[in-house]
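Here's the structure we're looking at; comments come further down.
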Amino acid sequence: MKKVLIISTSLRNNANSEILAYQMERGAKEAGHSVDFISLKDKDIKFCKGCLACQKIGKCVIDDDANAVTEKMKDADVIVWATPVYYYEMAGQMKTMIDRANSLFSASYRFKEVYVIATAADSSKGVAQTVLNGVRGWISCFSGVKLCGCIEGAGLEGANDVNQRKDLLDEAYNMGKNI
């Protein structure tokens, strides 16, 4: 059994990326994994100040919700990022959370597997590649961590559009089952 942390970064209600994240959660739970699902929607997460104090004290000096999310990241075996694609990049709130989790760089973290769910209005194939580049850059800072899978939901403009895409719903469920 693995400890899975799913972080949904969309702020939109009925977000396509979050719907897929719930499908992945269902698959992972049915496979016997322990799953913690966090939505950043109602979290108070401020921008990183770049002071690097977190490297010395093991947590960010800013007292908001980012420290609790970072602790869950540190203790997870698997991290799943679910994000809408904005201007061909991860959502700003995802990047802010990644920056605020800087204390992980010098910590004893458990995660070794990272997955990405990225949804976009653009229907072009490969629309999530820039998101994956950013995630790969983050992963490269951690020894032994690898990108294990990505779901790319292209052509999903409106909220709930993914519910009309059984192929993507099944892909997310099966990815969760096969963690």
Side-chain angles (χ1 to χ4, degrees), residues 1-43 69 72-73 75-98 101 109-140 142 144-179:
M1 179 180 89
K2 294 179 183 175
K3 197 171 180 182
V4 179
L5 175 63
I6 299 174
I7 305 171
S8 174
T9 69
S10 181
L11 303 181
R12 177 163 74 168
N13 290 327
N14 302 310
N16 294 304
S17 59
E18 189 163 282
I19 291 167
L20 291 174
Y22 280 126
Q23 285 295 103
M24 191 165 179
E25 175 189 36
R26 187 169 67 87
K29 282 183 175 179
E30 287 182 17
H33 301 295
S34 166
V35 182
D36 197 358
F37 193 106
I38 295 175
S39 172
L40 298 186
K41 194 180 303 178
D42 297 318
K43 301 288 186 219
V69 175
K72 289 186 179 288
M73 291 171 70
D75 294 334
D77 298 307
V78 177
I79 296 175
V80 180
W81 291 102
T83 185
V85 176
Y86 294 152
Y87 296 103
Y88 302 96
E89 188 51 86
M90 68 182 77
Q93 48 277 18
M94 179 174 161
K95 178 64 168 96
T96 299
M97 187 60 238
I98 286 173
Y109 54 88
R110 285 179 46 179
F111 62 93
K112 296 296 179 191
E113 299 175 27
V114 176
Y115 293 82
V116 174
I117 298 169
T119 58
D122 188 326
S123 59
S124 303
K125 184 164 176 47
V127 73
Q129 288 308 304
T130 50
V131 172
L132 291 175
N133 288 342
V135 172
R136 283 185 189 105
W138 175 67
I139 288 171
S140 71
F142 299 96
V145 178
K146 62 183 178 177
L147 180 64
C148 295
C150 175
I151 297 171
E152 182 179 284
L156 302 172
E157 189 168 336
N160 278 322
D161 280 359
V162 76
N163 284 321
Q164 308 307 311
R165 295 282 309 274
K166 184 175 178 347
D167 60 322
L168 291 173
L169 295 169
D170 290 346
E171 184 180 357
Y173 170 80
N174 288 327
M175 189 177 285
K177 281 284 267 195
N178 293 306
I179 286 178

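Note that the coordinates shown come from a computational prediction; the quantities given were computed from them, not determined experimentally.
In summary, of the residues considered (Ile151, Val162, Leu20), a side chain to side chain contact (heavy atoms under 4.5 Å, CB included) with Thr119 occurs for Leu20 alone.
Residues Glu25 and Val35 share a closest heavy-atom pair of CG-CG1, 3.6 Å. Closest approach of Gly153 and Leu168 over heavy atoms only: CA-CD1, 3.7 Å. In this structure, Ser39 and Lys43 approach most closely via the heavy-atom pair O-CG, 3.4 Å. In terms of heavy atoms, Ser124 sits closest to Ala154 at O-CB, 3.9 Å. For Ala31 against Gly176, the heavy-atom pair with the smallest separation is CB-O, 4.4 Å.
In this structure, the side chains of Trp81 and Tyr115 stay at 4.5 Å or more apart for every pair of heavy atoms. Proximity of Leu147 to Leu132: side-chain heavy atoms (C-beta onward) are separated by under 4.5 Å at one or more points. Between Arg26 and Glu30, some side-chain heavy-atom pair lies under the 4.5 Å cut-off. No side-chain heavy atom of Glu171 sits under 4.5 Å from any side-chain heavy atom of Gln23. Using a 4.5 Å heavy-atom cutoff, the side chains of Ile19 and Asn160 are in contact. With a 4.5 Å cut-off on side-chain heavy atoms, Val78 and Ile6 do not count as touching. In this structure the side chain of Ile79 reaches within 4.5 angstrom of the side chain of Trp138, judged on heavy atoms. Taking the side chain as every heavy atom from C-beta outward, Asn133 and Glu89 never approach each other to under 4.5 Å.
With respect to the salt-bridge test (charged N to carboxylate O, under 4.0 angstrom), the residues Asp75 and Arg110 do not qualify. The residues Lys2 and Glu113 are annotated as salt-bridged, a charged nitrogen and a carboxylate oxygen being separated by less than 4.0 angstrom. Using a cut-off of 4.0 Å between Lys/Arg side-chain N and Asp/Glu carboxylate O, Glu18 and Lys41 are scored as salt-bridged.
Among residues two or more places apart in sequence or in another chain, the side-chain hydrogen bond (donor to acceptor under 3.5 Å, both in side chains) test is passed with Ser34 by none. Scored by the side-chain contact (heavy atoms from CB on, under 4.5 Å) test, Val85 finds Ala118, Ala120, Val131 as partners (sequence neighbours excluded).
Thr9 and Thr83 form a side-chain donor-acceptor contact under 3.5 Å, judged by distance and modelled atom types alone.
One N or O on the side chain of Asp77 and one on the backbone of Lys3 form a donor-acceptor pair closer than 3.5 Å. Asn16 places a side-chain N or O within donor-acceptor distance of the main-chain N or O of Asp161, the cut-off being under 3.5 Å.
Residue Asp167 places its CG atom among more than 12 non-hydrogen atoms of other residues, nucleotides or ligands, all under 6.0 Å distant. The neighbour count for Glu157 CD, taken as heavy atoms of other residues, nucleotides or ligands under 6.0 Å away, does not exceed 12. Residue Lys177 qualifies as enclosed at atom NZ: its count of foreign heavy atoms under 6.0 Å is above 12.
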